[in-house]
Protein chains: 2
Amino acid sequence: MAKAKRTLKWQRDPEGMRLRILEAAKQEFSAHGLAGARVDRIAAKAGANKRMLYYHVGKKDELYLAVLEGAYEKIRNEERGLDLEHLDPPEAIKRLIEFTWNYFLRNPEFLSLLQTENLARAKHLKRSTKVKSMHSPFVEMIRTVVRRGVESGDFQVAVDPVQLYISIAALTFFYLSNSATLSVIFGRDLLAKDAKEERLAHMVGLVLAALTGRSAELFDMVKAPKPRVPQHQPV
Amino acid sequence: MAKAKRTLKWQRDPEGMRLRILEAAKQEFSAHGLAGARVDRIAAKAGANKRMLYYHVGKKDELYLAVLEGAYEKIRNEERGLDLEHLDPPEAIKRLIEFTWNYFLRNPEFLSLLQTENLARAKHLKRSTKVKSMHSPFVEMIRTVVRRGVESGDFQVAVDPVQLYISIAALTFFYLSNSATLSVIFGRDLLAKDAKEERLAHMVGLVLAALTGRSAELFDMVKAPKPRVPQHQPV
DNA sequence: GGAGAAATTAACTCGTTGGATAAATACTGT
DNA sequence: ACAGTATTTATCCAACGAGTTAATTTCTCC
């Protein structure tokens, strides 16, 4: 056969393979946790042989850490584009909340990975040098917004930026990461479209009201579109 | 031997055994998750034979569900003793936050169990009939507090009690359940004594400020050195 | 067109683990 | 003290799963 080169049994593509492995691993680890994840399933999902995981990344633990680091890298990169400096302080906080909320909605595996890692008490993350370095700029970004808010009189109190960020992450993260059990015990579908809108309004209202001290208007402002329908039919 | 009954190879104590098994299982499941938990370790920790688990409770899944139900039962029982009706609304909310926070601090396994169950998307909890029934009274309790607050003029807005409770749980739960990774990325020990006190102050301030619209005073009130001891041993 | 390196497949090892079976031991009522 | 039942121990095993070894296929560069 001169020109029609015989169909190959497999293609070579080290870079692509590595990416497919990491993507498959992300799915698997977020769906089943570290212990529950199956190396063979990852291989299958990546359209690869099990041996490839060890060849391109490493053993299960190392694979897991690589996935985790990649996840952090991704969110911090996107956060960098938030550009809160040019918004007036309440608007900046609102945008930060909305971004965080939407990011978690768009990347549910990130939530699962963090939960998994916390169940392991960050044992793996502690060994990572990469991750520690990329958070201070973000904190400074928030600190600046708060300072500006206090100076302009928009905010009543100079809250610690780390506390504020943890609170924003808490309100969004917890609702989504625990929506399964919460939905069961409260007898509501917390992931329904309406419920999510209501939640976003609640969170923005809560945080801005606390910072500015103008609860009523703020709650109403964001709450406007959806008057209510507080479902409430547990048992 | 008539009186000095020869030392027995083992004592019979079905009730005690069952409790020891459940306790050991709680430890194991919260420490390693569902997939990571080892049946043999549970047996060992309970000072029992592996066969006992199957005899007294059931297979791994059933054991896990039993532990989970027990955990919910325990917290709801304690919450029942909160008695928020007799406090003025802001004080009632403050007590609710403090109780939740302290409960989570005292029962870290509860946090882990919930995380694990949410990673499984509440697959097991959905099969439980017991759990669903015990939450509406609690929601009503909060609803009443909010209504009273609005009527007395203390609160500026009639927030949905479920949203409010989820927010309180979020602020407390997330901080503790994710303290491992947060401590790493922010380079602070979030479980240090000072950090915990600061966090409690922040959360109470945030929520009360949002509800009452008097940020500054409230933040200062709770942020002060140590006005009083909010310890509050529930039940 | 061939040698050596890189990438991929196939097959195997070996400890672990959930669950099962059968036998032994303690307790109860009579 | 004896029979029957409840509780506990002692083994066993088949399946699984992580990681390894060795062979096979493709690529590159000369």
Side-chain angles (χ1 to χ4, degrees), chain A residues 1-29 31-67 116 120 123-124, chain B residues 1-29 31-67 116 120 123-124:
Chain A
M1 293 293 169
K3 39 184 63 167
K5 207 173 177 181
R6 141 176 86 84
T7 30
L8 304 177
K9 283 180 76 173
W10 38 269
Q11 303 275 341
R12 274 197 174 187
D13 181 14
E15 269 315 300
M17 177 60 92
R18 193 187 146 86
L19 291 181
R20 271 180 297 144
I21 288 173
L22 288 175
E23 178 60 28
K26 184 164 78 179
Q27 300 303 326
E28 179 72 9
F29 284 126
H32 304 283
L34 179 49
R38 292 294 164 256
V39 172
D40 296 275
R41 275 202 299 252
I42 296 176
K45 230 174 294 186
N49 187 285
K50 181 166 52 162
R51 181 67 178 77
M52 293 288 85
L53 313 191
Y54 296 88
Y55 184 77
H56 287 287
V57 188
K59 48 184 65 179
K60 199 182 183 186
D61 274 0
E62 298 166 329
L63 196 47
Y64 169 77
L65 182 56
V67 166
T116 295
K123 182 170 60 168
H124 314 86
Chain B
M1 287 298 157
K3 37 185 60 166
K5 209 171 177 182
R6 137 179 88 83
T7 30
L8 305 177
K9 281 182 75 173
W10 37 269
Q11 300 279 341
R12 275 198 171 186
D13 181 13
E15 268 315 300
M17 177 61 91
R18 192 186 147 86
L19 291 182
R20 270 180 298 144
I21 288 173
L22 288 174
E23 178 60 29
K26 184 164 80 177
Q27 300 303 326
E28 179 71 9
F29 284 125
H32 303 283
L34 178 49
R38 291 296 166 253
V39 173
D40 295 275
R41 275 202 299 251
I42 296 176
K45 230 174 291 185
N49 188 286
K50 183 166 51 161
R51 180 67 177 80
M52 293 289 85
L53 313 190
Y54 297 90
Y55 184 78
H56 287 287
V57 188
K59 49 183 62 178
K60 198 182 182 185
D61 274 359
E62 299 165 327
L63 196 47
Y64 169 77
L65 183 56
V67 166
T116 295
K123 183 170 61 169
H124 313 86

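Lettering follows sequence order; numbering is per chain, from 1. All values below were derived from every heavy atom in this structure, side-chain atoms included, with hydrogens, water molecules and symmetry-related copies excluded.
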Separation of [X] atom [atom1] from [N] atom [atom2], in whole Å?
| X | N | atom1 | atom2 | value |
| --- | --- | --- | --- | --- |
| Tyr54(B) | dT11(D) | OH | P | 19 Å |
| Met17(B) | dC27(C) | CE | C1' | 15 Å |
| Arg51(A) | dT25(D) | CZ | C1' | 15 Å |
| Lys59(A) | dG17(D) | NZ | C1' | 14 Å |
| Phe29(A) | dA18(D) | CZ | C1' | 12 Å |
| Glu15(A) | dA7(C) | CD | C1' | 13 Å |
| Asn49(B) | dA6(D) | CG | P | 19 Å |
| Ile21(A) | dT9(C) | CD1 | C1' | 13 Å |

Proximity to the side chain of [X] - top-ranked nucleotide from [options]:
| X | options | answer |
| --- | --- | --- |
| Asp40(A) | dA18(D), dG18(C), dT9(D) | dA18(D) |
| Tyr55(B) | dT9(C), dA6(D), dT9(D) | dA6(D) |
| Lys60(A) | dA7(C), dG19(D), dT17(C) | dG19(D) |
| Met52(B) | dT9(D), dG19(C), dA10(C) | dT9(D) |

Check your understanding: Contact class for Ala37(B) (heavy atom, under 4.0 Å): base, sugar-phosphate, or nothing?
Key -> sugar-phosphate
Study note, to complete from the structure: Per nearest nucleotide of DNA chain C, the residue lying toward the 5' end, Lys50(A) or His56(A), is His56(A)
Exercise for review: Could you tell me the separation between the CG atom of Leu22(A) and the CZ atom of Arg20(A), rounded to the nearest 0.5 Å?
Suggested key: 11.5 Å
Check your understanding: Any side-chain heavy atom of Glu62(B) within less than 4.5 Å of one from Tyr54(B)?
Key -> no
Review point. Side chains of Tyr55(B) and Asn49(B): does their closest heavy-atom pair fall under 4.5 Å?
Key: no
Point to revise | Residue whose closest nucleotide on DNA chain D lies nearer the 5' end, Ala35(A) versus Ala48(B) | key: Ala48(B)
Practice item. Using modelled atom types only, decide if a donor and an acceptor are shared between the side chain of Glu28(B) and the backbone of Arg38(B) within a distance under 3.5 Å. Key: yes
Study note, to complete from the structure: Note: Tyr64(B) and Thr116(B) closest approach over all heavy atoms is OH-CG2, 3.7 Å
